[in-house]
Peer 1: 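Supplied in structure tokens, the structure appears directly below.
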Amino acid sequence: MEGIYRFSFGPWNIHEGADPFGPAVRRSMKLSEKLDLYKKLGFDGVQFHDDDAVPDMNNLSPGQIIDQAKQLRNILDDHGLAAEFVAPRLWEDERTIDGGYTSNDKACRDYALDRSKRAIDIANALGIDLLVLWLAREGTYIRESKDSKLAVERLTGSINQMLLYDSKIRICIEPKPNEPMDHAFIPTAGHAVALAQLCIDPDRVGVNIESAHAILAGLDPSDEMGFALAFNKLWTVHLNDQNGLKFDQDKSFASVDIRRAFNQVRILDKYGYGNKGEWVGLDVKAMRSQKFDVSTKHLTNSRKNFLKLLELSRSLDEEKVEELIAGRDYEELDNLILSHLLA
Ligand code: XUL
Ligand code: MN
């Protein structure tokens, strides 16, 4: 079954270019300016951090947050855009310095859970049922600072509270092995799927595979996708690319390793990704050197590369692939794939 592809990205993927060593180099764009660009760039879906949707939400009441999110929904409707997910931003507030759900400080854990419930309210107001948890600071700088068994129990407990808070919400974990932490508690798809099984409603806990995060874990992103697909838990993806084991680069999809990108597209298409409404999210960043007026090319290029690889995946001689697999002639299979990509 072939997939159906609709593309999404988050407002943070059009950005000012600040990095840990230097300030912003491009002027910032208001959300309204960004929303005007989505369709022109070939995108129909918008991913949100909770405070992308409702800025300054810590200073608003739950009712005010819902009202603002409803206004945003009208704006999205006017643009013909759909929201894809909401992700609570649990890594900037001072109460999340040592993590949210796994913080050693109960008041901070309570804040994280409360903020997650507000993010669920925003998702509801936007008419969607998907919450993404990138567990940014749920890990350690030094091994002795947190108890890793307790951390898993606290993560499970927090997710259970979210599932109880809203009987429809689905929680999608985005694993990443490191950065900003030295070690994260949920570094891979396997950990995320296992965590889901500990929760009160495992069918409502799934996975968002990000290419760069899998690569940082030393894994092949398409294998991580296959693992999540085998559990019916691949609910969204963050496609991008990464040049080896260093900081999270969020490079344009396929820009480093075309074959690795091809295999991601191939497994998605083989298993009908998108047929149940899943989006192709592109979590890519523009290079800092890019000037303002050409600072969205990473998005259009990533989408274009996906579609080109889709053509290549669909035109691969699958009978020949089967024949070579049956004959265990993997050298020739290697050559077939390379010739196809190089043609
Ligand atoms: C962090 C990352 C985030 C999440 C959304 O590495 O990928 O952008 O995707 O919170
Ligand atoms: Mn991501």
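One-based numbering, in listed order, for ligands and for the atoms of each.
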Peer 1: Examine the side chains of S295 and Q290 and answer whether a donor and an acceptor come within less than 3.5 Å of each other.
Peer 2: no
Peer 1: For the Mn ion (ligand 2), give me the closest N/O/S atom belonging to E174, just the atom name.
Peer 2: OE2
Peer 1: Taking the six-membered ring for Trp, is the centroid-to-centroid distance between W134 and H49 below 6.0 Å?
Peer 2: no
Peer 1: In terms of side-chain geometry, is the basic nitrogen of R118 or D121 positioned less than 4.0 Å from the acidic oxygen of its partner?
Peer 2: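 The answer is yes: the pair qualifies as a salt bridge.
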Peer 1: Check all N, O or S atoms of E210 and name the one closest to the Mn ion (ligand 2).
Peer 2: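 It is OE1 of E210.
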Peer 1: Report every pair formed by an N or O atom of ligand 1 and a protein N or O atom separated by less than 3.5 Å, giving atom names and the distance to 0.1 Å.
Peer 2:
unit_1   : atom_1 : unit_2 : atom_2 : d
ligand 1 : 6 (O)  : K176   : NZ     : 3.0
ligand 1 : 6 (O)  : H213   : NE2    : 3.0
ligand 1 : 6 (O)  : D248   : OD2    : 3.0
ligand 1 : 7 (O)  : E174   : OE2    : 2.8
ligand 1 : 7 (O)  : E210   : OE1    : 2.9
ligand 1 : 7 (O)  : H213   : NE2    : 3.4
ligand 1 : 7 (O)  : D283   : OD2    : 2.9
ligand 1 : 8 (O)  : D283   : OD2    : 3.2
ligand 1 : 9 (O)  : E174   : OE1    : 2.7
ligand 1 : 9 (O)  : E174   : OE2    : 2.8
ligand 1 : 9 (O)  : H238   : ND1    : 3.0
ligand 1 : 9 (O)  : D283   : OD2    : 3.1
ligand 1 : 10 (O) : H49    : NE2    : 2.8

Peer 1: Counting C-beta onward and ignoring hydrogens, is there a side-chain heavy-atom pair between T236 and E278 closer than 4.5 Å?
Peer 2: no
Peer 1: Write the atom name of the N, O or S atom in H238 that is nearest the Mn ion (ligand 2).
Peer 2: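 Closest to the Mn ion (ligand 2) among those atoms: ND1.
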Peer 1: Restricting to N, O or S, what is the name of the atom of D283 that lies nearest the Mn ion (ligand 2)?
Peer 2: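 It is OD2 of D283.
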Peer 1: Does D114 come within less than 4.0 Å of K117, counting only side-chain N to carboxylate O?
Peer 2: no
Peer 1: With a 4.5 Å heavy-atom cut-off, do Y38 and I14 have their side chains touching?
Peer 2: no
Peer 1: Indicate the ring-plane relationship of F306 and F253, choosing parallel, tilted or perpendicular according to the 30° and 60° boundaries.
Peer 2: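 Ring orientation of F306 relative to F253: tilted.
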Peer 1: Decide, yes or no, whether a salt bridge links D269 with R314 under the criterion of side-chain N to carboxylate O below 4.0 Å.
Peer 2: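 Salt bridge present between D269 and R314.
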